[in-house]
There are 2 protein chains.
Amino acid sequence: MKVDGRVERGEQTRRQILGRAAAIASVEGLEGLSIGRLATELAVSKSGVFAHFGSKEELQLATVRAAAAVFVDRVVKPALELPPGRARLEALCEGWLTYSEERTFPGGCFFHAVQAEFGARPGRVRDKIAEYGTKWHDLVTATAAEVPGVADPAQLAFELIAVLELANSRSVLHDDPDAYRRARQALRSHLP
Amino acid sequence: MKVDGRVERGEQTRRQILGRAAAIASVEGLEGLSIGRLATELAVSKSGVFAHFGSKEELQLATVRAAAAVFVDRVVKPALELPPGRARLEALCEGWLTYSEERTFPGGCFFHAVQAEFGARPGRVRDKIAEYGTKWHDLVTATAAEVPGVADPAQLAFELIAVLELANSRSVLHDDPDAYRRARQALRSHLP
DNA sequence: CAACTAATAGTACGATCGTTCGTACAAGTT
DNA sequence: AACTTGTACGAACGATCGTACTATTAGTTG
C-alpha cells in the first residue's frame, strides 16, 4: 500500500501539535490553550495549526482524544494484560498513580484538569470528556466486579477513583509527593 | 462610629461584584472570568469594576477570599457549633455535601474548580488557593483527631475529602445526583 | 514536464482582553 | 459656599484571540 508523503508529513505534524496541546492543556486548560501560542511553541505558523482542525473546538476535541489514547496506553493496556481479579484491579490503580506521579502530562492527570474546567459548561467538548469519564468508571467497576469478595463493585470503584484523583490533585497543587503514599495506603485498606 | 456613604456604597458594589465573580468562576474558571463580562452582567462599567481591584490578579484573589468566606459560613461554622467528636466530623462532611449539592456556587464547589485550574501554575492566586486547601485539610484532620478510635486522623481526612470531591466532580460533570448517595455510603463505612 | 493536490505560510479581519486616562457626580469637610 | 475626596463612567490603547482568505511550496500523477 502506497503512502502519500504529504499526508504522512501532515499526520506527523498533527501528532506533534496534539502532543504539545495535551501537555499545555493539562496545565492551562483547554481554553487557556491558544492556537497562537501552540504555533509559536512548535515554530510553525498559526494558520498552519489552524488548518489541521478548522476550529478551536475541533482542536480541543482532538486534544481530548489524543490524551485519551495516551491514557489507555499508559494505564489501561498494561493492566489488561493481567488476568482478571485482584491483581488486575491493583495494576489499574497503581498504573494510574504512576501515570500521575511521573507527570505523563506536566500538569498531572489531563482528565482531572479538563473535567473540572468543562464540568459545568455545555458543549461537545464537555460531552466527550464526560464520555471518557464514564468509560473509565465503567472499566474500574467491571474490573472490581471480577475480584472475589467484592459485594458492590461500583461503590468500590467510586472510592478507589476518589483516592486516585485526590492524590493527583494534592500532589499537583502542593508539590506534595506524600499524597501518593496516602493514596497507596488507602488502596491497601480498600482492596479485599 | 460614622460611616462614609460613598465608601459604604463602594463596598456594597464590591460585594456584588465578588458574589457574581465567584459564581462565574465556579463555572468558567478564574481565567475565564473576564472583567468585561462581569461588568455587562452587573450592568456597570468595565472601568468601574476594574477600579475596585486595580488588576485582574487582585480581582481573582479577592474572588477566592470571598468564596472562602462563603465556604466557611456554609460548611465550617455550622459544624463547629457541635461539640468535638464523631458528630462534628459527620456534620463537616454532610455540610460539605449539602454545600455542593445545593449549588451554593452554580458550578459546584468553587475550590474544586479553581484548584484544578491553578494547581499547575505558579503565582499568587495559586498560592492563595493552596493555602485555603491546606487549611481545609488541617481542619478535617483536627476534627477527625477528636473522634475516639481514629488511629490516623490525617489518613482518614484524606479519604473523606477524596470521597467528597469526587461526589462533587461527578455530580457536576454527569448531572448524576447518585454520586452523593455513593459518597454518603462511603462516609458511613469510613467513620468509626 | 505539466497539471493537480495537500500541507503550510502570510496577511488581514473583527472581537475581546486587561489596562490607562480624564472626567462627572455625589458625599463629606471646612 | 468652597473645597476635597471617593466612586463610577466613557473612550481609547495595544495585545491577543479565533477565523477567513490568498499565496507558496512540496509531493503525486498523467
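In what follows, every chain begins at residue 1, and chains take the letters A, B, ... in the order their sequences are listed.
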field: Rounded distance (Å) that lies between atom C1' of C:dT20 and atom CZ of B:Phe53
entry: 18 Å
task: May I ask you to evaluate whether B:His52 reaches the phosphate of D:dG6, defined as a side-chain N or O under 4.0 Å from OP1 or OP2?
output: no
query: When the nearest nucleotide of DNA chain D is assigned to B:Ser45 and to B:Val7 on a heavy-atom basis, which residue is associated with the more 5' position?
result: B:Val7
query: So, do B:Ser169 and A:Gln115 sit near enough that their side-chain heavy atoms are less than 4.5 Å apart?
result: yes
message: Does D:dC17 have its OP1 or OP2 closer than 4.0 Å to a side-chain nitrogen or oxygen of A:Ser34?
response: yes
field: Whole-Å gap separating P (D:dA26) and CD (A:Glu11)
entry: 20 Å
query: For A:Phe50 and D:dT22, what is the distance between atoms CZ and P respectively, to the nearest whole Å?
result: 15 Å
Rounded distance [0.5 Å steps], CZ in A:Arg121 versus CD1 in A:Ile129: 9.0 Å
- prompt: Roughly how many Å is it from NZ in A:Lys56 to P in D:dC17, rounded to a whole number?
  reply: 8 Å
field: Interatomic distance where CG belongs to A:Asp4 and C1' belongs to D:dT28 [whole Å]
entry: 6 Å
- request: Scan A:Val49 against the nucleic acid and name what it touches under 4.0 Å (heavy atoms): base, sugar-phosphate only, or nothing.
  value: nothing
message: If you apply the rule ring-ring contact (aromatic ring centres under 6.0 Å, His included), what do you find for A:Phe71 with A:Tyr99, and how did you get there?
response: CA-CA 8 Å; A:Phe71 181 87; A:Tyr99 146 84; 5.2 Å; yes
task: Find the distance A:Arg9:CZ to D:dT28:P and express it as a whole number of Å.
output: 10 Å
- request: Find the distance A:Glu58:CD to D:dG18:C1' and express it as a whole number of Å.
  value: 14 Å
task: Give the rounded distance in Å between these two atoms: NZ of A:Lys46 and P of D:dA23.
output: 20 Å
- prompt: Got a donor-acceptor pair under 3.5 Å from the side chain of A:Ser47 to the base of C:dA9?
  reply: yes
query: Okay, side chain of B:Arg126, backbone of A:Leu173: is any donor-acceptor separation there less than 3.5 Å?
result: yes
task: Pick base, sugar-phosphate or nothing for A:Leu33, based on heavy-atom distances below 4.0 Å to the nucleic acid.
output: sugar-phosphate
B:Thr13 side-chain N/O to D:dA8 phosphate OP1/OP2 under 4.0 Å: yes
- request: Please work out if A:Ala51 contacts a base, only the sugar-phosphate, or nothing of the nucleic acid, heavy-atom cut-off 4.0 Å.
  value: base
message: I'd like to know if B:Asp4 and B:Arg9 make a salt bridge, using a cut-off of under 4.0 Å between side-chain N and carboxylate O.
response: no
